[in-house]
Amino acid sequence: QVQLVESEGGLVQAGGSLRLSCAASGRTFSSYVMGWFRRAPGKDREFVAAISWGGGSTFYADSVKGRFTISRDNAKNTVYLQMNSLKPEDTGVYFCAARASQGLLSTPSAYNYWGQGTQVTVSS
C-alpha cells in the first residue's frame with residue numbers, strides 16, 4: 001500500500017515556473033514507477049510524465065516535452081515535477097500516481113495508487 005501526498009500547487013503567470021512534489025509513504029517507493037497526470041476543467045485526466053524506478057528513464061506527453069521535468073529522490077520517497085514556461089492551458093488539477101509494475105505507461109488505469117491532487121492555475 002502506498003499513500004501519496006502532493007504539495008500545494010498555486011497560481012502563476014504565463015511563462016513562470018512552479019515545482020510540485022509528491023511524498024510517498026511506505027518502504028518500497030523505489031520499486032514503483034511514478035507518474036504525473038492532470039485534469040483540466042471539463043476534460044478527462046491526461047498523462048503528463050512518468051519516471052522509472054531508479055530515475056534513469058523518463059517519458060513525457062508531447063504537450064509538456066521540453067518544458068516539464070520529472071525527477072525522483074528515492075532516499076526521500078519523493079517525486080518532483082518541475083514546470084517551466086507555463087501556459088494557461090497547463091491549468092488543472094495535478095495528480096501523482098504510482099505503478100507497481102514496470103513500464104512507463106500513459107494510461108491512468110495502469111497506475112495503482114493516486115494522490116488527492118493539487119490545483120495549478122496559470123494566468124495569461
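FYI, side chains are in, hydrogens and waters are out, and symmetry mates aren't considered; it's all heavy atoms of this structure. From a predicted model like this one, the values you see are computed outputs, not experimental measurements.
Going from atom OG1 of T121 over to atom CG of D90 covers 11.0 Å, rounded to the nearest 0.5 Å. The CG atom of N112 sits 10.0 Å away from the CD atom of Q1 when rounded to the nearest 0.5 Å. Once rounded to the nearest 0.5 Å, the distance linking CG of L11 with CD of Q119 reads 9.5 Å. One distance of note links CD of Q102 with OG of S31; it measures 11.0 Å at 0.5 Å rounding. Remark: S123 OG to Q13 CD distance equals 5.0 Å, nearest 0.5 Å. Between R19 atom CZ and S71 atom OG the span is 7.0 Å, to the nearest 0.5 Å.
Other residues sharing a hydrophobic cluster with L105 under the 4.5 Å side-chain heavy-atom criterion for ILVMFWY residues do not exist; the residue is a singleton. The hydrophobic cluster containing V2 also includes L4, V12, L18, L20, F29, Y32, M34, W36, V48, I51, Y60, V64, F68, I70, V79, L81, M83, L86, Y94, Y113, V120, V122, under a criterion of side-chain heavy atoms closer than 4.5 Å among ILVMFWY residues, counted directly or through chains of members.
R39 meets the side-chain hydrogen bond (donor to acceptor under 3.5 Å, both in side chains) test with no other residue; sequence neighbours excluded.
Of the possible donor and acceptor atoms, one in the side chain of E6 sits under 3.5 Å from a partner among the backbone N and O of G117. The backbone N or O of S85 lies less than 3.5 Å from a partner atom in the side chain of R67, making a donor-acceptor pair. Put simply, the side chain of S25 gets close to the backbone of Q3: a donor and an acceptor are under 3.5 Å apart. Between the side chain of R72 and the backbone N or O of V33 there is no donor-acceptor pair closer than 3.5 Å.
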Set out, in order, the CA-CA distance, both residues' side-chain angles and the distance that settles salt bridge (charged side-chain N to carboxylate O under 4.0 Å, His left out) for K65 and D62, then state yes or no.
CA-CA 5 Å; K65 201 173 295 183; D62 288 342; 3.1 Å; yes

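With respect to Y80, the side chain to side chain contact (heavy atoms under 4.5 Å, CB included) criterion is satisfied by exactly one of C22, S21, S7: S21.
One hydrophobic cluster, built from ILVMFWY side chains closer than 4.5 Å, holds both L104 and W114.
The minimum heavy-atom distance linking S106 with F37 is given by the pair O-CE2, 3.4 Å. Residues R99 and A110 come closest through the heavy atom pair NH1-O, 3.0 Å.
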